Amino acid sequence: MVLNSLDKMIQLQKNTANIRNICVLAHVDHGKTTLADCLISSNGIISSRLAGKLRYMDSREDEQIRGITMKSSAISLHYTEGREEYLINLIDSPGHVDFSSEVSTAVRICDGCIIVVDAVEGVCPQTQAVLRQAWLENIRPVLVINKIDRLIVELKFTPQEAYSHLKNILEQINALTGTLFTSKVLEERAEREAESQVNPHSEPGEQVYDWSTGLEDTDDSHLYFSPDQGNVVFTSAIDGWGFGIEHFANIYSQKIGVKKEVLLKTLWGDYYINMKAKKIMKVDQAKGKKPLFVQLILENIWSLYDAVLKKDKEKIDKIVTSLGLKVGAREARHSDPKVQINAICSQWLPISSAVLAMVCQKLPSPLDITAERVEKLMCTGSQTFDSLPLETQALKAAFMKCGSEETAPVIIFVSKMFAVDAKALPQNKPRPLTQEEIAQRRERARQRHAEKLAAAQGQASSGPSQHGSALETSPKGEEPRGDEQQVEDMTPKPVPQEGDSQESFIAFARVFSGVARRGKKIFVLGPKYSPVEFLQRVPLGFSAPLDDLPPVPHMVCCTLENLYLLMGRELEDLEEVPPGNVLGIGGLQDFVLKSATLCSLPSCPPFIPLNFEATPIVRVAVEPKHPSEMPQLVKGMKLLNQADPCVQILIQETGEHVLVTAGEVHLQRCLDDLKERFAKIQISVSEPIIPFRETITKPPKVDMVNEEIGKQQKVAVIHQTKEDQSKIPEGIQVDSDGLVTMATPNKLATLSVRAVPLPEEVTQILEGNSDLIRSMEQLTSSLNEGKNTQMIHQKTQEKIWEFKGKLEQHLTGRKWRNTVDQIWSFGPRKCGPNMLVNKSEDFQNSVWTGPAGKASKEANRYRDLGNSIVSGFQLATLSGPMCEEPLMGVCFVLEKWDLSKFEEHGASDKQNREQSDLVTEGQGEGETCPGGGENQELHDGSSEPFEKRASPKGESSLTDCYGPFSGQLIATMKEACRYALQVKPQRLMAAMYTCDIMATGDVLGRVYAVLSKREGRVLQEEMKEGTDMFIIKAVLPVAESFGFADEIRKRTSGLASPQLVFSHWEVLPSDPFWVPTTEEEYLHFGEKADSENQARKYMNAVRKRKGLYVEEKIVEHAEKQRTLSKNK
Ligand SMILES: Nc1nc2c(ncn2[C@@H]2O[C@H](COP(=O)(O)OP(=O)(O)OP(=O)(O)O)[C@@H](O)[C@H]2O)c(=O)[nH]1
Ligand SMILES: [Mg+2]
């Protein structure tokens, strides 16, 4: 096929019904890029010989070297079927877990996807993940089972075995779809039920419980993959062939005279054909008969492979002639059988037409976007479609219509920003010259030549005239140049940047409605933009030019500077892009950070944020090799942040610049980019910073040698180790139950705090609902400020009750009675997995009731002071006493809060004002921190016990040397919480990866060895049916994971490669402060107990990194030194 001209593409872009926006999704290495190569070669962009070898979409050097895709990139293809012409915007995505955020950016702007599954490996963890992502985005999938050749060549299956194997894979993937579907139906049913419950108008008689799950009456048959549905294609991308059963149904309906419709239904499945009777029957009616799929399809392919691999020339010729194909002489003579197979099969069963035909028939066009998807895209967070303003709701029609008329609002979604070298932009590239320009240049060259000659002659005769002629030759006063320079001069626009290569950012986007035109003014809506707010601020019918709009938060106006057609490694300039197309937009880098919604109407809501599956977890600190290059590094990091959808860039309070990435491979890519593209300086990178959490547990029942504690009371205690008790300074009371009572330095208030471990389920609930907690917090603070703009919506309210209900369900028993009602705050950052419970009698306030009602003066004062207590709690949970890492799963109970002395003293008004100022400051600090519960070190220098600093006899005045009273409360609360933790058994929590490894039986032992060396724990081991592959599921501490993938690959000679995904936090069982206390323990561990204490090792490593005091014996074997001395 010929290379399509740009004009053709522009014409195709206008026919929305024939556009298909699709992405290729799969587990790593299942052949997405190879498949994309085959499709691209059908358009003549690359040669068919190179298809599968070039991996055209992997344009980065490291992608080629590592052989994995690291970013999603798009290309537009042309496909003709019959009289219809289609435009296919194909997006290749990465399969490696580290880059799963790139998959999210791709699925958002597509309508359908091709799920590729390796015929040998079958359904893998990332297959599940991508299927789920496609499902969540409401895009329709089709299936490609790739690498069928491996079944023939590697596994040496017979056609019958291959058929059963393929059936198995289909079953697996359909089972997955089934689960996704069921959970969705159940969810919808639950929603309906909730709605009918809140509907007050329903009569009592109507409230009969409907026991049906809704599953029975929902048709799901179209969801499943089945070759007879036409949504499955079998391929071998490397050999360039692929087929759907329709292809064979066409052939055989003519050959054997059975109707095509019948064949379509029976070619896949347990049917066989009675050739004589020309009848198709069920297999079980006659034993030993082969299914049609085996007999008519697979056997033919198998025999072709067989002939070529055995180099049976005669047979090959026979097959080739019977198929009516022509094989070039060069291929036919080629010694590599793969080349021959490719030459024959790619003609016989061309993969591109099989796949593209399926895509065009089975996947929806942009016009078919469903109402459900539109509503989902428009409703951020806990909003519902009905709660949006009417103007906004009206936009749904525009989405559905996808119209290109002038009046249609322009809606564009930018799913990521990617960097390209500015030189690669079409406007900076030399374009082919037109005829006139060529003529012009010829003329000039001729002139120059003549002048040169004249000059040479002149030079020969007289020296000074040379100067004059040079001036004449360059009419603009330029120096005369050589030919090459002249060529550069002729290129339309020089590269505008000063550096030799500068990055330019292009938005990866899709037009959902209206026509995007170059030069059009458009609003850029940030994720937090609210159309409601706009409609309130700007009067209806506002008709001034867009630039004169009053400022509205999270919205800016900009111009669409450049529009591009994305062609893999190339970009083509466009003047306009009709709706339903994928495009690149230049000139947005100052307006869009990573993703954004662009719309010509301000009533448009921002699209829901992309849902990222992987959490960034690997963090390193970076610094320039030469300190003077710091500004470049900072600039480079900013660019990197914009260019990558999932990397996080932090500047910690310690001044460190930190990169947080999804995994080791991602980290490496980010560092390479930083060094070579964005900062262009040498950088030093720290060891990975491993995050930990601190928590407390219930006192253990057995000691370290598994003896029940309490039984050995009579045994002599060798170490008297209530050391941590002795750490607590005087003046702080600790009762046997762990209740810490502490007074503020001026002794006017006393706080009693206790720390209690939360049940694991509760911690999980808190973690899972952090978004909801954050919105509760925002609501409360906006109410506090007197704003009543955000009406609490019914749905949100329901979610809050549900969340509360769940907490109540897990916090049962005497100990937790009424606790849920008394929750005062969550922390750190007001949304973390720890809680503050207020059991003091004087003052009642909880997260559920919002701010204390109509405030009397007294309540107001309590509230302000209460805020100090909460701030203290936030600080305490942000960094724990063990190694200043955030806390997790701890409940602080404020048992008593004695302010009687303070009351007696009588607070002056001035003081009050001072306090409230400070409190709001404290609050602000908590809110500005980025969410997500990630730790950020905070050294405020106040971890020194306050008591030490305070001179005990200074009660005279409130404006005393201890500073404002609220500040004292914050510090005292923080210290009290820390001591309350220290009197309980403290534990570290380590971040854990889940890890899926696929390995053959012979290397299994080595995989286990590596896993156990790194403290991994195998959860499951399964054998993949029909193969000698094992699938191992294990968990591994993040702390031990660096170099893990490499080590496994090396030890197994590349046969096994693991995929690591962050899964959860796990409590390390060992006590970092443990020392032997009983005789048994002493016997077992020795006096120093210096055998491995993993928790202590981690704790000390973190403390060292943070520059905290580490309790270490520097002189380990002091005795030896003494024995060496001779003068004893
Ligand atoms: N035997 C065989 N190998 C194939 C086939 N298709 C692809 N491969 C090989 O599988 C490997 C991975 O192919 P890619 O196309 O890079 O896989 P991918 O899915 O793009 O991988 P990521 O982008 O890293 O997720 C390459 O070595 C290909 O040569 C096939 O049909 N048969
Ligand atoms: Mg790839």
Side-chain angles (χ1 to χ4, degrees), residues 23-41 46 50-60 62-75 90-103 106 113-127 129-130 133 144-157 162 166 169 233-243 301 305 309 336-339 341-342 345-346 349-352 354-355 568-569 614 662-663 665-666 668-669 998 1027 1045 1049 1054-1055 1057 1059:
C23 51
V24 194
L25 307 177
H27 187 76
V28 64
D29 264 1
H30 280 197
K32 296 173 290 293
T33 313
T34 312
L35 176 67
D37 256 14
C38 297
L39 305 184
I40 295 166
S41 81
I46 59 172
L50 287 181
K53 299 184 188 76
L54 195 60
R55 290 193 289 119
Y56 182 73
M57 300 302 269
D58 288 353
S59 50
R60 295 171 56 100
D62 46 358
E63 287 179 321
Q64 290 287 344
I65 293 172
R66 279 183 183 254
I68 60 168
T69 308
M70 298 187 179
K71 53 160 191 351
S72 44
S73 48
I75 191 163
L90 179 79
I91 303 177
D92 181 31
S93 71
H96 195 284
V97 268
D98 279 13
F99 304 106
S100 67
S101 54
E102 293 275 348
V103 176
C113 62
I114 302 178
I115 307 266
V116 181
V117 176
D118 183 328
V120 173
E121 295 191 352
V123 176
C124 291
Q126 271 317 94
T127 318
V130 292
Q133 268 179 319
V144 166
I145 302 188
N146 189 29
K147 306 202 189 182
I148 304 279
D149 62 303
R150 290 183 71 189
L151 300 182
I152 312 174
V153 182
E154 276 177 37
L155 298 187
K156 305 212 169 6
F157 277 172
L166 293 174
I169 292 180
V233 159
F234 303 90
T235 64
S236 163
I238 202 96
D239 291 341
W241 59 264
F243 64 88
I301 298 172
Y305 267 80
L309 292 176
D336 185 358
K338 281 269 177 192
V339 176
I341 288 183
N342 198 316
C345 290
S346 57
L349 302 167
I351 181 171
S352 59
V355 174
R569 300 178 183 189
V665 187
H666 186 212
Q668 196 53 49
R669 205 214 60 198
M998 217 185 284
T1027 66
R1049 241 176 264 138
L1055 287 174
S1057 61
Q1059 297 262 311

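Being a predicted model, the structure only gives us computed values, none of them experimental. Sequential numbering from 1 along the given sequence is applied to the chain's residues. Whatever order the structure lists ligands and atoms in, that order sets their numbers, starting from 1.
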Looking at [Y] and [X], is there a salt bridge between them, counting it only when a charged N and a carboxylate O are closer than 4.0 Å?
X    : Y    : value
D98  : R669 : no
K147 : E121 : no
K338 : D336 : no

Minimum heavy-atom separation for [X] and [Y], please, with both atom names.
X    : Y    : result
N146 : G31  : ND2-CA, 3.7 Å
S352 : C38  : CB-O, 4.1 Å
M70  : D62  : SD-OD2, 3.8 Å
A106 : C23  : CB-CB, 4.3 Å
D149 : W241 : N-CZ2, 4.5 Å
M57  : A36  : CG-CB, 4.2 Å

Between [X] and ligand 1, is there a nitrogen or oxygen pair with a distance under 3.5 Å?
X    : value
D29  : yes
G95  : yes
T69  : yes
I238 : yes
N146 : yes
R150 : no
K32  : yes
D149 : yes
L35  : no
D58  : no

Could you walk me through whether S93 and E102 pass the side chain to side chain donor-acceptor pair (under 3.5 Å) check? CA-CA 7 Å; S93 71; E102 293 275 348; over 6 Å; no
If you have a sec, work out which protein heavy atom is nearest [atom] and how many Å separate them, to one decimal?
atom                    : value
atom 20 (O) of ligand 1 : T33 OG1, 2.6 Å
atom 10 (O) of ligand 1 : K147 NZ, 3.0 Å
atom 13 (O) of ligand 1 : T34 OG1, 3.4 Å
atom 17 (O) of ligand 1 : G31 N, 3.2 Å

Closer than 2.8 Å to the Mg ion (ligand 2), do we get an N, O or S atom from M57, backbone or side chain?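 No, M57 does not qualify, because none of its backbone or side-chain N, O or S atoms lies under 2.8 Å.
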Do any of the N/O/S atoms of S93, backbone or side chain, fall under 2.8 Å from the Mg ion (ligand 2)?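 Here the distance criterion (N, O or S atom, under 2.8 Å) is not met by S93, so no.
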Show which atoms of ligand 1 fall inside a sub-4.0 Å distance from at least one heavy-atom site of [X].
X    : answer
R55  : 16 (O)
A237 : 6 (N), 30 (C), 31 (O)
I68  : 24 (O)

Exercise check, heavy-atom protein proximity under 4.0 Å to atom 27 (O) of ligand 1: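 No, there is none.
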Atom 7 (C) of ligand 1: protein heavy atom closer than 4.0 Å?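 It does; a protein heavy atom is within 4.0 Å.
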Main-chain N/O of A26 paired to H30 side chain as donor or acceptor, under 3.5 Å: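 Such a contact is absent between H30 side chain and A26 backbone.
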Is there a side-chain contact between H96 and R66 in this structure, where contact means two heavy atoms from C-beta onward sitting under 4.5 Å apart?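 No, their side chains stay 4.5 Å or more apart.
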Side chain to side chain contact (heavy atoms under 4.5 Å, CB included) for V117 and I169? Distances and angles first, verdict last. CA-CA 9 Å; V117 176; I169 292 180; 4.0 Å; yes
Angle at the Mg ion (ligand 2): provide the value between OG1 of T69 and OG1 of T33, rounding to 10 degrees.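 Seen from the Mg ion (ligand 2), OG1 and OG1 are separated by roughly 100°.
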